**Student:** 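Next up is a structure, given as structure tokens.
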Amino acid sequence: MQARIRTAFIGLAMTVLAAVGVPAAFAPPAHATQTFIDIAYAPAQPAGSKGHLLDLYLPATGITPRPLLIWHTGSAWSSDNGKAGADAIAAIFNPLGFAVAGVSVRSSSQAIFPAQVHDIKSAIRWLRANASTYQLDPNRFAIMGDSSGGWLTEMATLSGGVPALEGTLGTTGVSSAVQTGVAFFSPTNFLQMNSQNLPTGGLDHDSPASPESLLVGCPIQTCPATVAQANPMTYVDSNDPPLMFLHGQADFLVPHGQSVLLYNRIKAQCGDATFISVPGADHMVPQIMDPAHFGSQTVSTTTDCTETVGTGTINPTWANFATFVRGGLKMGTSCEVTYATEVWPGAFNGTATIRNTGTTPIYGWALTWTWAGNQLVTNSWNSTVTQTGTQVTARDDGTNTYIGPGSSQGLGFTANVTGTNAIPAQFKLNNIPCTRVP
């Protein structure tokens, strides 16, 4: 199936946003984006199905190549249209400089596990193989989803390098790894779901007709070996990318204890995880993100066998999810820039010192700014500088790509100038605004 292309303004239609929990109060401004619809990342199976299609939303602003956020909407594995809702995610992340891909996979009625994992990995391989075409950064792929989409997120994040889950579908010979993930209320160990149901009840997950049984193709209690292969915890090790996952303590469909099991497994393996447990929230993103719960959520973080547990920290907001993703992609989460000039008639030398004020390292950086006057960069050192009109981008030179937490890198340039030579109003590092210090 050939992709359809359109250029549109992505707004926050309430009917769409409600599905992924984006309250109107959090709405960013409408943002021009180029959209590619119904890209076939692999041949349809079965013919006419939608499970091997993706939509791609490219931002109009920000540096290139762009980081990519992959989205999949959950359906208890009953739908082959998991890319639905990605337009609302793009409305949030495109203005932040992220490309967004909505990816569909086959439903459990079309193919049983591990087909769904084969599908998402095939889509990731296709996106990475075509990164240059769409100006994506192949080293900065993140994934996000809810419910069975959260399960797919965790499987993709935690099972990198597992040959049995790669499959041979579509594009091969390219990595299917992602660099970070965010999952909402995902199932993990299907065999324990019934015992973890709320006292008031829940689904009969052991039923032959349950979503979990239909996924694996057998009543789950009769095929524990297959169920174990569909458990994200099976693939946890200390080398996994950072994963954030969120779960409501009043979840009627997927017991909250499923995420507790995953967190404990990652902690035991000295992995990198942030678990946000929200009291009173059911199986809905809007309830997880309801400001009424802010301050009461428990946030457990484990990194390198060191755990911190707090109450009320990291409110579940899109802004905080974006900060987590940026940290996981090693783009930086906060920064300072010191700028100075040495001026002579008609020209000047400029220097900028970038300081990483966040808690995660930065690998690969681009500092951008806009001139207020008629400055034109003619030479640079410790960076590669390009200028288009008044827009300037200074990238690392390949030898100074790393900026650790609390560390700095400097760059310099020579420029011609006529008229005013005002300090740029704002500097951005990998598309995040930096504080300018004297």
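Keep in mind it's a predicted model, so treat the numbers as computed, not measured.
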**Student:** Over all heavy atoms of both residues, which pair between Phe294 and Thr317 is shortest? Give the atoms and the distance, please.
**Tutor:**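 Shortest heavy-atom contact: CZ-CG2, 3.6 Å.
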**Student:** Quick check: does any side chain N or O of Gln387 sit under 3.5 Å from a backbone N or O of Val377, one acting as donor and the other as acceptor?
**Tutor:** yes
**Student:** Which value, rounded to the nearest 0.5 Å, describes the distance between Thr301 atom OG1 and Ile314 atom CD1?
**Tutor:**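 The OG1 atom of Thr301 sits 5.0 Å away from the CD1 atom of Ile314.
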**Student:** May I ask you to test the Leu165-Tyr235 pair for a side-chain heavy-atom distance under 4.5 Å?
**Tutor:** yes
**Student:** To the nearest 0.5 Å, tell me how far Phe413 CZ sits from Ser383 OG.
**Tutor:** 8.5 Å
**Student:** Hey, does Val105 have a side-chain heavy atom less than 4.5 Å from the side chain of Leu152?
**Tutor:** yes
**Student:** Show me the side-chain donor-acceptor pairs of residues 248-262 shorter than 3.5 Å, one per line, residues at least two apart or across chains.
**Tutor:**
unit_1: Gln249; atom_1: NE2; unit_2: Ser277; atom_2: OG; d: 2.8
unit_1: Asp251; atom_1: OD1; unit_2: Leu253; atom_2: N; d: 2.9
unit_1: Asp251; atom_1: OD1; unit_2: Val254; atom_2: N; d: 2.8
unit_1: Asp251; atom_1: OD1; unit_2: His283; atom_2: ND1; d: 3.1
unit_1: Asp251; atom_1: OD2; unit_2: His247; atom_2: NE2; d: 3.3
unit_1: Asp251; atom_1: OD2; unit_2: His283; atom_2: ND1; d: 2.8
unit_1: His256; atom_1: NE2; unit_2: Ser277; atom_2: OG; d: 2.6
unit_1: Gln258; atom_1: OE1; unit_2: Thr188; atom_2: N; d: 2.8
unit_1: Gln258; atom_1: OE1; unit_2: Thr188; atom_2: OG1; d: 3.3
unit_1: Gln258; atom_1: OE1; unit_2: Asn189; atom_2: N; d: 2.9
unit_1: Gln258; atom_1: NE2; unit_2: Asn189; atom_2: O; d: 3.0
unit_1: Gln258; atom_1: NE2; unit_2: Gln196; atom_2: OE1; d: 2.8
unit_1: Ser259; atom_1: OG; unit_2: His247; atom_2: ND1; d: 2.7

**Student:** Can you tell me how far CE of Met244 sits from OG1 of Thr323, rounded to the nearest 0.5 angstrom?
**Tutor:**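 Between Thr323 OG1 and Met244 CE, I get 9.0 Å after rounding to 0.5 Å.
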**Student:** Does some side-chain heavy atom of Asp396 sit less than 4.5 Å from a side-chain heavy atom of Gln409?
**Tutor:** no
**Student:** For Gly332, is there any backbone N or O sitting under 3.5 Å from a side-chain donor or acceptor partner on Arg326?
**Tutor:**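 Yes: the side chain of Arg326 pairs with the backbone of Gly332.
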**Student:** Output yes when a side-chain donor or acceptor of Gln179 lies under 3.5 Å from a complementary backbone atom of Phe141, and no otherwise.
**Tutor:**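 Checking the backbone N and O of Phe141 against the side chain of Gln179, a donor-acceptor pair under 3.5 Å is found.
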**Student:** Evaluate the criterion side chain to side chain contact (heavy atoms under 4.5 Å, CB included) for residue pair Tyr263 and Thr302; output intermediate values, then yes/no.
**Tutor:** CA-CA 8 Å; Tyr263 177 77; Thr302 180; 3.6 Å; yes
**Student:** Would you please indicate if the ring centroids of Tyr134 and Phe36 are separated by under 6.0 Å?
**Tutor:** yes
**Student:** From Asp206 CG over to Asn194 CG, what is the distance, rounded to the nearest 0.5 angstrom?
**Tutor:**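 Between Asp206 CG and Asn194 CG, I get 4.0 Å after rounding to 0.5 Å.
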**Student:** Going by atom types only, do Thr368 and Gln391 share a side-chain donor-acceptor pair under 3.5 Å?
**Tutor:**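 Gln391 and Thr368 do not have a side-chain donor-acceptor pair below 3.5 Å.
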**Student:** Is there a donor-acceptor pair closer than 3.5 Å between any side-chain N or O of Ser148 and the backbone N or O of Ser75?
**Tutor:** yes
**Student:** To the nearest 0.5 angstrom, please state how far the CG atom of Leu127 sits from the CG atom of Leu56.
**Tutor:** 6.5 Å
**Student:** Can you check whether Lys330's main-chain N or O pairs, donor with acceptor, with Arg140's side chain at less than 3.5 Å?
**Tutor:**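 A pair under 3.5 Å: yes.
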**Student:** Can you find a pair of side-chain heavy atoms, one from Asn430 and one from Ile63, that are under 4.5 Å apart?
**Tutor:** yes
**Student:** Quick check, are the ring centers of Trp371 and Phe427 under 6.0 angstrom apart?
**Tutor:**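 So the answer is no for these two rings.
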**Student:** Can you check side chain to side chain contact (heavy atoms under 4.5 Å, CB included) on His72 and Ile143, steps first, answer last?
**Tutor:** CA-CA 8 Å; His72 180 81; Ile143 186 168; 6.0 Å; no
**Student:** Which heavy atom in Thr33 sits nearest to a heavy atom in Pro59, and how many Å separate them?
**Tutor:** OG1-N, 4.0 Å
**Student:** Could you list all the side chain to side chain donor-acceptor pair (under 3.5 Å) pairs where at least one residue sits in residues 149-163, not counting sequence neighbours?
**Tutor:** Lys121-Ser159, Glu154-Ser186
**Student:** Using modelled atom types only, decide if a donor and an acceptor are shared between the side chain of Ser296 and the backbone of His293 within a distance under 3.5 Å.
**Tutor:** yes
**Student:** Run the salt-bridge test on Asp80 and Arg106 with the 4.0 Å N-O cut-off and return the result as yes or no.
**Tutor:**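 Salt bridge absent between Asp80 and Arg106.
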**Student:** Please name the pair of heavy atoms, one in Leu136 and one in Pro138, separated by the smallest distance, quoted to 0.1 Å.
**Tutor:**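 For Leu136 and Pro138, the tightest heavy-atom pair comes out as O-CD, 3.2 Å.
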**Student:** With sequence neighbours excluded, tell me which residues meet side-chain contact (heavy atoms from CB on, under 4.5 Å) with Ala129.
**Tutor:**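 By the side-chain contact (heavy atoms from CB on, under 4.5 Å) rule, Ala129 matches Thr171, Val174.
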**Student:** Is any side-chain heavy atom of Leu246 less than 4.5 Å from a side-chain heavy atom of Pro316?
**Tutor:**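 A side-chain contact under 4.5 Å exists here.
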**Student:** Is the cationic atom of Arg66 (NZ for Lys, CZ for Arg) positioned less than 6.0 Å from the six-membered ring centroid of Phe98 and within 45 degrees of its normal?
**Tutor:**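 Judged by the rule, Arg66 and Phe98 form no cation-pi pair.
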**Student:** Within the side chain of Asp304, is there an N or O that forms a donor-acceptor pair under 3.5 Å with the backbone of Thr306?
**Tutor:**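 Checked: no pair found.
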**Student:** Just by distance, with hydrogens left out, do Asp397 and Thr399 show a side-chain donor and acceptor under 3.5 Å apart?
**Tutor:** yes
**Student:** Any luck finding a side-chain donor-acceptor pair between Ser107 and Ser78 under 3.5 Å?
**Tutor:** no
**Student:** Which of these passes side chain to side chain contact (heavy atoms under 4.5 Å, CB included) with Asn356: Pro405, Cys335, Ser408?
**Tutor:**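 Of Pro405, Cys335, Ser408, side chain to side chain contact (heavy atoms under 4.5 Å, CB included) with Asn356 is met by Pro405 alone.
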**Student:** Looking at CZ of Arg355 and OG of Ser334, how far apart are the two atoms once the value is rounded to the nearest 0.5 Å?
**Tutor:** 9.0 Å
**Student:** Taking all non-hydrogen atoms of both residues into account, name the closest pair between Pro224 and Thr222 and its distance.
**Tutor:** CD-C, 3.5 Å
**Student:** Answer yes if the ring centres of Phe184 and Phe321 are under 6.0 angstrom apart, and no otherwise.
**Tutor:**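 They qualify: ring centres under 6.0 Å apart.
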**Student:** With a 4.0 Å cut-off, would you call Lys50 and Asp38 a salt bridge?
**Tutor:**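 Not counted as a salt bridge, because no side-chain N and carboxylate O are separated by less than 4.0 Å.
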**Student:** So, the side chain of Ser104 versus the backbone of Gly82: is there a donor-acceptor pair under 3.5 Å, distance only?
**Tutor:** yes
**Student:** Run through Leu53, Val103, Ile70 and flag the one making a side chain to side chain contact (heavy atoms under 4.5 Å, CB included) with Lys83.
**Tutor:** Leu53
**Student:** Main chain of His205, side chain of Ser210: is a donor-acceptor contact present, judged purely on distance under 3.5 Å?
**Tutor:**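 Side chain of Ser210 to backbone of His205: a pair is present.
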**Student:** Show, in sequence, the C-alpha distance, side-chain angles and deciding distance for Asp137 and Leu68, and conclude whether the side chain to side chain contact (heavy atoms under 4.5 Å, CB included) test is met.
**Tutor:** CA-CA 7 Å; Asp137 187 339; Leu68 174 69; over 6 Å; no
**Student:** Please answer whether the main-chain N or O of Ala177 pairs with a side-chain N or O of Arg128 as donor and acceptor at a distance below 3.5 Å.
**Tutor:** yes
**Student:** Can you check side-chain hydrogen bond (donor to acceptor under 3.5 Å, both in side chains) on Trp71 and Thr73, steps first, answer last?
**Tutor:** CA-CA 7 Å; Trp71 169 264; Thr73 296; 2.6 Å; yes
